[in-house]
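This report concerns only the one structure given below.
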Amino acid sequence: VKEGDVLFKLDEKDIQDQITQLQAQINQSNQSVRNAQNTLNSVTGGRYQSEILQMEATIEGYDTQLTNADATIKNAELGLENAKKALDNTQKNYDNTKALYDIDAVSQTEFDQIDLALTQAKAAYDKAQSDYNLAITAKEQIESNRKTAVDGLELTQGKITDDNTR
């Protein structure tokens with residue numbers, strides 16, 4: 001026997017068949033894992049899908065409410081500014097009329113009218129201030145509700161991720 005001479009030869013066909021069979025089993029196992037993952041995704045995603053869609057719709061609703069709240073605040077600011085101007089003007093008229101009343105240059109009736117106008121202007125200003133404060137409070141509440149909805153959505157999406165990693 002010389003160096004490099006073949007002493008015996010293994011039947012490669014059996015080994016090659018076993019390798020092919022093992023590779024097929026590995027492929028089948030990988031496909032089973034993928035199928036199981038897809039099933040898990042569809043089950044957990046499906047379980048939470050309607051909840052997620054509802055939360056997303058709720059958040060969109062809050063976004064619309066926030067847009068409306070901003071418009072309401074803007075209108076309330078304008079109302080407050082107008083009420084303040086009216087109050088300031090009425091206060092000036094009252095002060096002038098009061099000075100004239102004190103020297104008997106204006107009748108009691110005229111003075112009572114401007115006094116009533118001042119009371120009404122103060123009430124209108126107070127209402128405008130209250131409307132503005134309510135608009136701000138309403139917007140803050142909407143923002144808080146929206147944040148709660150976003151947190152809930154993120155929590156639900158986290159459940160899907162947690163379920164999928166188990």
Side-chain angles (χ1 to χ4, degrees), residues 10-95 113-166:
L10 295 174
D11 186 5
E12 292 179 18
K13 184 177 179 345
D14 288 340
I15 293 175
Q16 195 59 37
D17 286 346
Q18 287 178 353
I19 290 172
T20 302
Q21 192 176 27
L22 289 172
Q23 189 62 47
Q25 287 176 354
I26 289 170
N27 290 341
Q28 187 177 7
S29 294
N30 287 339
Q31 185 60 44
S32 294
V33 168
R34 283 191 295 275
N35 289 343
Q37 187 66 43
N38 289 338
T39 300
L40 178 62
N41 288 342
S42 68
V43 168
T44 58
R47 177 173 42 177
Y48 297 115
Q49 193 62 33
S50 64
E51 190 176 341
I52 287 172
L53 291 174
Q54 183 178 5
M55 288 177 175
E56 288 173 342
T58 299
I59 291 167
E60 287 176 19
Y62 286 135
D63 289 341
T64 300
Q65 288 179 22
L66 284 172
T67 299
N68 293 339
D70 286 337
T72 301
I73 289 170
K74 187 75 166 167
N75 288 336
E77 284 175 342
L78 292 173
L80 185 58
E81 288 171 13
N82 290 336
K84 178 65 173 148
K85 288 176 187 175
L87 177 59
D88 290 345
N89 287 336
T90 305
Q91 183 67 54
K92 286 179 189 174
N93 288 339
Y94 174 87
D95 292 343
Q113 287 174 344
I114 194 66
D115 186 50
L116 177 61
L118 181 61
T119 300
Q120 291 171 338
K122 286 178 181 178
Y125 177 78
D126 290 345
K127 179 166 182 348
Q129 183 69 54
S130 176
D131 290 348
Y132 176 77
N133 291 341
L134 285 172
I136 294 293
T137 301
K139 181 180 179 182
E140 290 170 350
Q141 184 62 50
I142 294 166
E143 289 172 333
S144 175
N145 291 346
R146 184 186 186 284
K147 182 183 180 325
T148 300
V150 168
D151 290 347
L153 176 62
E154 290 171 354
L155 181 64
T156 300
Q157 289 170 332
K159 287 179 185 177
I160 292 172
T161 302
D162 289 347
D163 287 353
N164 289 344
T165 56
R166 289 183 188 163

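Heads up: numbering here begins at 1 and tracks the sequence.
- With respect to the salt-bridge test (charged N to carboxylate O, under 4.0 angstrom), the residues Asp88 and Lys84 qualify.
- Under 4.0 Å is where a charged nitrogen must lie from a carboxylate oxygen, and between Lys74 and Asp70 no such pair does.
- Counting all heavy atoms, side chain and backbone alike, Ala121 lies closest to Ala86 at CB-O, 4.5 Å.
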Residues Lys122, Asp126; criterion salt bridge (Lys or Arg N to Asp or Glu O under 4.0 Å); working and verdict = CA-CA 6 Å; Lys122 286 178 181 178; Asp126 290 345; over 6 Å; no
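- At most 12 non-hydrogen atoms from other residues, nucleotides or ligands lie less than 6.0 angstrom from CD of Gln54.
- If you run side-chain contact (heavy atoms from CB on, under 4.5 Å) between Ile59 and each of Asn145, Leu153, Thr64, only Leu153 comes through.
- Considering every non-hydrogen atom in both Tyr62 and Ile142, the closest pair reads O-CG2, 3.7 Å.
- When every heavy atom of Ala83 is checked against every heavy atom of Ala124, the shortest pair comes out as CB-O, 4.1 Å.
- Expressed to the nearest 0.5 Å, how far NZ of Lys85 lies from CD of Glu81 amounts to 6.0 Å.
- Annotation for Tyr132 and Glu77: closest pair CE1-CG, 3.2 Å, computed over non-hydrogen atoms.
- The OG1 atom of Thr148 sits 12.0 Å away from atom CG of Leu155, with the distance rounded to the nearest 0.5 Å.
- One distance of note links CG of Asp95 with OG1 of Thr90; it measures 10.5 Å at 0.5 Å rounding.
- Note that the CD1 atom of Ile136 and the CG atom of Asp131 stand 12.0 Å from one another [nearest 0.5 Å].
- Expressed to the nearest 0.5 Å, how far CD of Glu56 lies from CD of Gln157 amounts to 7.0 Å.
- When all heavy atoms of Lys139 and Ala69 are compared, the closest pair comes out as CB-CB, 4.0 Å.
- Between atom CD of residue Gln120 and atom CG of residue Leu116 there is a gap of 4.0 Å, rounded to the nearest 0.5 Å.
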